[in-house]
Every structure is written in structure tokens, then in C-alpha cells.
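Since the structure is predicted, the reported quantities are computational estimates derived from the model, not experimental observations. Start at 1 and go down the list; that is how both ligands and their atoms are numbered.
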Amino acid sequence: MKILLQVPGPAVERWHAALAAELPGAEISVWPAAPARPDYALVWKPPASLFDEVHPTRAVFNLGAGVDALLAVPTLPRDVPIVRLEDAGMAVQMAEYVSLAVLRAYREMDAYSEQQRSGEWCPRARIPKSGFAVGILGLGVLGKVVASALAALGFPVRGWTRERETLPRVEGFSGRAALPAFLGGTRVLVCLLPSTPDTRGLLDRTTLGQLPQGAHVVNVARGEIIVDQDLLALLDSGHLAGAVLDVFRAEPLPPDHPFWHHPRIVVTPHVSAVTVVDDSIAQVAAKIRRFEAGQPVSGIVDRSLGY
Ligand code: OXD
């Protein structure tokens, strides 16, 4: 079995070692050394030139959660399945990051930091949790784990999905028509949507303005889902209380971007959930074994939906 591995940077050595350990019989090549027709390609943000030269015959595996960068490659072959990672160690990290952001807002840590700077000892009345609903946009593999972590902390959790989805302890909303009602009752909005033509620019002045006064926004999905200037305008007007942003339209975030120094924005460098090499390779290898045995494989991307 021939496998092509393409991962930018020096991490490729770790990926290679993990793959060789999981599939000892496989002939593994590391891009740019590549057979023209490998059985499988394992890639992360590949250059378009890769698929000019290489045509995988069985499947292409995306070594990250979001497939938007891969689907945007114009030379991506149309006749092989694209398979995404499912959790593979990322969901628990996402639940940690989002819980931290929600708790920071709920326990008013920014206000206490300000009080500390001015030497003020002033306990604040606790916000009733029942009125502090967290709304999750997107209940995929990661969104579901985030929802159950927040529900376990006692927050009312609501979820918005493209199609109706029923989850225990999550109030469900589906479709564009339900978005204003979903947003209207959300104190912390958590974006976990894939980047698709339908979701890019979804969070603009109108939709973010439908959040109640004092709401917070957490974006751990893709930068292009939020319209930056609209988010800034709503923070500056005081309609929104704060934002925790891990993803941006351009990464690294350009040095002159206003997000860097905004007093109500927390910026982190796309670290909410990083790919775990061993877990990812174990999952990919298990799926390759299933392909080889002619068994069904989960996580196949629907190209028409973009995820
Ligand atoms: C992603 C990832 O898709 O880091 O953002 O896996």
C-alpha cells in the first residue's frame, strides 16, 4: 500500500514516525517526493501543485478539523472521498478553551482585574446562572462535547444547527429562520461552524446585534465567519461586552489589526484545539484498514455542504 504524507514544517517527521508505527507494511513517501498514484494521501493545507502531480486512488485524509483549506484547492481530485478527522483528541481541548472563556465572562474576571488594578475590594453580586445561556453555533463532533461540558457546569445550553438535531440538555434551534430567536436568548455565543459559502460573514452587524446587550462572543471556528468591523463596532458601542477570538481572517493576525489592542478582546493564536499526532494517526490508520476491508468509513466530507 502506498501512502503520501504532506504536512508543512518539521512536524512531518513526527507524523511520519507515527504513521510508520501504525501501518508498518505501508510504503510511505513524504511530499515533495511522491508516487504519481498513491492509494492514500494524508495532507494539511496542501499546495495546489501537489494534486497536479499526484492522484490518490482510494482517499484523501485531511489532517485537521476544518476542511475549508483543502476544498479550496482547485486541483483536488473529484473522484476520491475526502475524509476529515473526527475529534481525535481535539474535542476535550475545545471544551476546555470554551469553558474557560464562558467562565471568565460569567465570573466577571475582567471586572475583577480592573478592580485589582485600582486596589478595589468589591465583591459583585453573582449573576443568576439560569439567565446566562450559552448558545453554540454548530453541533458537530466538537460542538457536542462543548455543549455537554457546559451543561455539566450548569449553564443553560442552546444549539443552532442547519438541520434539526436533538441532544440531551440542549435547547435546539435549526435553520436560518430560527437564528434571531436563538441569538436573542444567548448570553455567550460560541461559534463552532465550518467555513462554507453559507457561514462566511454570517456574524455581521445584524446577527451580532440580535444578541442581548452585554453578550459575549467566542470564535473558535474560522475568522471569516465574523465581519471584523461589525464586531468592533458593537463592542465599541457597548452592545457587546467582550470577545474571545482564536481564529482570524488572516493568520497570523496582522500586527496592525485593531483586535490586538482592543480592551474587550482576548486574542489567542489558533490554539483552542490543536491536532494530536498520535490520536490522529491512530484514527486515520483505523479508517485505512476499513477502506482496505471494504467496510464503511465515517467522516467522509460532503463536498456540496463544504464539511
Ligand atoms: C483546524 C485545525 O481545522 O487546527 O482549525 O485542525
Side-chain angles (χ1 to χ4, degrees), residues 5-12 14-16 18-19 31 41-47 50 59-73 76 81-101 136-146 162 190-203 217-226 228 243-254 259 266-287 298-303 305-307:
L5 174 66
Q6 174 272 326
V7 180
V12 71
R14 281 201 56 216
W15 287 94
H16 183 269
L19 188 59
W31 171 260
L42 279 53
V43 298
W44 180 238
K45 298 189 175 166
L50 185 146
V60 175
F61 286 89
N62 183 62
L63 296 178
V67 290
D68 45 317
L70 180 58
L71 294 184
V73 175
L76 181 68
I82 308 295
V83 191
R84 58 181 144 73
L85 289 179
E86 297 173 285
D87 184 351
M90 282 184 272
V92 69
Q93 299 176 59
M94 205 49 111
E96 288 162 4
Y97 184 100
V98 173
S99 301
L100 183 65
I136 303 175
L137 285 168
L139 290 175
V141 177
L142 303 182
K144 286 190 175 80
V145 176
V146 170
R162 201 177 50 85
V190 178
C191 179
L192 267 161
L193 291 169
S195 173
T196 70
D198 283 343
T199 65
R200 284 176 210 129
L202 177 71
L203 297 179
V217 173
V218 181
N219 190 9
V220 283
R222 285 291 181 262
E224 56 269 23
I225 297 171
I226 289 190
D228 293 0
V244 175
L245 306 175
D246 186 49
V247 289
F248 306 91
R249 286 172 176 260
E251 293 183 7
L253 185 64
F259 285 171
V266 173
V267 166
T268 53
H270 201 141
V271 290
S272 49
V274 298
T275 320
V276 183
V277 176
D278 290 341
D279 293 19
S280 304
I281 286 295
Q283 183 175 104
V284 169
K287 289 185 183 187
S298 63
I300 305 235
V301 172
D302 181 334
R303 294 179 195 228
L305 295 177
Y307 60 92

Practice task
Would you mind checking which non-hydrogen protein atom is closest to atom 3 (O) of ligand 1, with the distance to 0.1 Å?
Solution key: G66 N, 2.6 Å
Problem - Backbone of V274 reached by a side-chain donor or acceptor of Q93 within 3.5 Å - result: yes
Exercise for the section: Determine whether M90 and L142 make a side-chain contact, defined as any pair of heavy atoms from C-beta on separated by less than 4.5 Å. Expected result: yes
Handout entry: Shortest protein heavy-atom distance from atom 6 (O) of ligand 1, along with the residue and atom involved
Key = A65 N, 2.8 Å
Exercise for the section: Could you check which of R84, K45, R222 puts a non-hydrogen atom nearest to atom 1 (C) of ligand 1? Expected result: R222
Exercise for the section: Report yes or no: does Q6 contribute a side-chain atom to a donor-acceptor pair with the main-chain N or O of L42 at less than 3.5 Å? Expected result: no
Problem - Enumerated ligand 1 atoms positioned under 4.0 Å from heavy atoms of G64 - result: 6 (O)
Exercise for the section: Using modelled atom types only, decide if a donor and an acceptor are shared between the side chain of R222 and the backbone of V247 within a distance under 3.5 Å. Expected result: no
Exercise for the section: Identify the protein heavy atom lying closest to atom 4 (O) of ligand 1, giving its residue, its atom name and the separation to 0.1 Å. Expected result: H270 NE2, 3.6 Å
Practice task
Could you walk me through whether L5 and L63 pass side chain to side chain contact (heavy atoms under 4.5 Å, CB included), step by step?
Solution key: CA-CA 10 Å; L5 174 66; L63 296 178; 4.1 Å; yes
